[in-house]
Each structure stands twice: as structure tokens, then as C-alpha cells.
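The residues of the chain are indexed from 1 along the displayed sequence.
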Amino acid sequence: MKFYFAVLLCFLSLAMGLEASAKAKPKNPPPHIEREIEKRQSIAGHGEDADLVDAVNNRRPVNFVEGSGLLVVTILPDDTNGREHQKWVVQLSNGKLVQAVYNSDMCPRVPLKEGDVVDMGGQFIWTPKGGLIHWLHHDPRGNRPDGYVTLNGTVYCGK
């Protein structure tokens, strides 16, 4: 009987720990990114990403969409399954987030860091995890407009 009681106590403490961690606040972004987020939220709707904002709001695919002045808020691990892709998350002028996927097998890596501001053009799709923009590079088969990423005036693999 003591064994079952001990197992029950362990289970309850584990469940309470999981519940507490689920309620924990997400960690705050670094101050330089938080300042940039506040600045962008104060000018929401005035960015040059209206088509991308519209695509996200409508959750509809767009063959080619562009956005400029997009804040890089998170650098994600590279996808190394098959062709290698860089991945990052940008914040739009309305505060919403979009994941970017860039084929680094076809093009030079983009030397991104959190807090950078980029311009991008590519194909937008909606996934179960949210908005995603890909084909951020030229299309060797010419089936779609060439995508691009611009960082600090340098265009990576496109336009």
C-alpha cells in the first residue's frame, strides 16, 4: 500500500510541476530586441509589408510576396534533412510572426543575427504552425518569381 501511495505522490508532484512550468511566463527578449519590437508596434500598419501582413491575416498562400523592414526575432537551427536550409523568424509591422526558410545549399548563407532587419521576397504558405515564407532564392527552373533576402544592402541569391 505504501508503494502505491508513493507512486501516487510522485505522479501528483510531477503533474503539478508540469502545470507550473506551463503557466510560467515566457522569457523576455533581450532589451535591444524589445526596444525594436516596441518601435515597430508603434508604427504598425505603416510598414512596407502590407501584402505579407494580408497573407498572414487571411491564411492564404501567395505565389510571391515581399516585405521590407522585417525584424529578425529568432534564429532557428538549420534544417539539415535533405537540402540544407537556414531558418529564422521575423516580426511583421503588425506584431505577427512568420518563419523564413532559405535554401543555403543553393545560395550563400545569410549572416543573420537576432535584431537584424531584412527585406525578403518569396512564396508564402500557411502551415499548421503558422505563416511561412520560402523560395527566398532564385528558382532554377523558372516556375516562380525569384525570391531574395536583403541584409544591410547585400542581396542574397535573388533579384
Side-chain angles (χ1 to χ4, degrees), residues 18 21-159:
L18 289 174
S21 66
K23 290 182 181 178
K25 289 185 175 181
K27 65 179 185 172
N28 293 329
H32 69 285
I33 291 182
E34 195 163 298
R35 284 190 299 275
E36 190 65 30
I37 289 171
E38 288 170 6
K39 181 174 91 176
R40 290 184 179 282
Q41 287 174 339
S42 72
I43 60 169
H46 302 287
E48 295 183 40
D49 62 353
D51 291 337
L52 188 51
V53 167
D54 185 51
V56 170
N57 287 338
N58 293 314
R59 297 180 176 192
R60 63 177 171 81
V62 179
N63 190 42
F64 187 80
V65 66
E66 295 180 282
S68 62
L70 306 171
L71 176 66
V72 177
V73 294
T74 306
I75 304 294
L76 300 170
D78 286 358
D79 179 356
T80 56
N81 293 329
R83 293 181 184 246
E84 189 162 322
H85 288 77
Q86 277 183 271
K87 299 188 316 185
W88 62 90
V89 177
V90 295
Q91 183 181 40
L92 307 181
S93 62
N94 67 351
K96 294 193 177 176
L97 303 177
V98 172
Q99 182 177 330
V101 179
Y102 172 85
N103 188 328
S104 52
D105 268 354
M106 292 181 64
C107 306
R109 287 184 66 79
V110 182
L112 288 169
K113 60 186 181 312
E114 290 178 359
D116 281 342
V117 176
V118 297
D119 301 341
M120 299 187 308
Q123 185 179 58
F124 176 83
I125 59 171
W126 187 260
T127 74
K129 294 182 180 181
L132 183 138
I133 186 168
H134 66 142
W135 282 97
L136 297 170
H137 51 80
H138 66 274
D139 179 0
R141 294 188 180 140
N143 293 331
R144 60 185 48 81
D146 287 344
Y148 66 93
V149 176
T150 304
L151 173 65
N152 298 325
T154 301
V155 179
Y156 292 84
C157 206
K159 281 190 167 182

Peer 1: Got a sec, which residues hit side chain to side chain contact (heavy atoms under 4.5 Å, CB included) with Arg141, two or more places apart in sequence or on another chain?
Peer 2: Asp139, Asn143

Peer 1: Please examine the side chains of Tyr148 and His138, heavy atoms only from C-beta on, and report whether any two atoms are closer than 4.5 Å.
Peer 2: no

Peer 1: Considering residues at least two apart in sequence or located in another chain, which fulfil the side-chain hydrogen bond (donor to acceptor under 3.5 Å, both in side chains) criterion with Lys129?
Peer 2: none

Peer 1: Applying side chain to side chain contact (heavy atoms under 4.5 Å, CB included), run through Leu112 and Trp88 and close with a yes or a no.
Peer 2: CA-CA 9 Å; Leu112 288 169; Trp88 62 90; 3.2 Å; yes

Peer 1: Where is the tightest heavy-atom contact between Ala55 and Val62, given as atom of each residue plus distance?
Peer 2: CB-CG2, 3.7 Å

Peer 1: Ignoring hydrogens and geometry, is there a side-chain-to-backbone donor-acceptor pair from Thr127 to Gly130 under 3.5 Å?
Peer 2: yes

Peer 1: Dump the intermediate steps for side chain to side chain contact (heavy atoms under 4.5 Å, CB included) on Thr150 and Val118, then the final yes or no.
Peer 2: CA-CA 6 Å; Thr150 304; Val118 297; over 6 Å; no

Peer 1: Hey, is the main chain of Ser93 close enough, under 3.5 Å, to the side chain of Asp49 for a donor-acceptor pair?
Peer 2: yes

Peer 1: Search all heavy atoms of Ser68 against all heavy atoms of Glu48 and return the closest pair with its distance.
Peer 2: OG-CB, 2.9 Å

Peer 1: Mind jotting down which residue pairs meet the side-chain hydrogen bond (donor to acceptor under 3.5 Å, both in side chains) criterion with at least one end in residues 73-84? Sequence neighbours excluded, please.
Peer 2: Asp78-Arg109

Peer 1: Does Asn58 have any side-chain hydrogen bond (donor to acceptor under 3.5 Å, both in side chains) partners at least two apart in sequence or in another chain, and if so, which?
Peer 2: Asp54

Peer 1: By side-chain hydrogen bond (donor to acceptor under 3.5 Å, both in side chains), which residues pair with Asp116, not counting sequence neighbours?
Peer 2: Lys113

Peer 1: Applying salt bridge (charged side-chain N to carboxylate O under 4.0 Å, His left out) as the test, list every pair that has at least one member in residues 85-98; sequence neighbours left out.
Peer 2: none

Peer 1: Would you please name every residue forming a side chain to side chain contact (heavy atoms under 4.5 Å, CB included) with Pro111, sequence neighbours left out?
Peer 2: Leu151, Tyr156

Peer 1: Give every residue pair that meets the ring-ring contact (aromatic ring centres under 6.0 Å, His included) criterion with at least one member in residues 96-136, sequence neighbours excluded.
Peer 2: Trp135-His137

Peer 1: Output all residues satisfying side chain to side chain contact (heavy atoms under 4.5 Å, CB included) with Leu97, sequence neighbours left out; order by chain, then residue number.
Peer 2: Val73, Val89, Gln91

Peer 1: Of the non-hydrogen atoms in Asn63 and Pro145, which two are nearest, and what is the gap between them?
Peer 2: ND2-CD, 3.5 Å

Peer 1: Locate the shortest heavy-atom distance separating Leu136 from Ala100; write the atom from each residue and the value.
Peer 2: CD1-CB, 3.9 Å

Peer 1: Does any part of the side chain of Gln99, heavy atoms only, come nearer than 4.5 Å to the side chain of Ile133, both counted from C-beta?
Peer 2: no

Peer 1: Counting N and O atoms only, with roles assigned by atom type, does the side chain of Asn103 sit under 3.5 Å from a partner on the main chain of Met106, one being a donor and the other an acceptor?
Peer 2: yes

Peer 1: What closest approach, in Å, do Leu92 and Val98 show between heavy atoms, and which atom pair accounts for it?
Peer 2: CD1-CG2, 3.8 Å

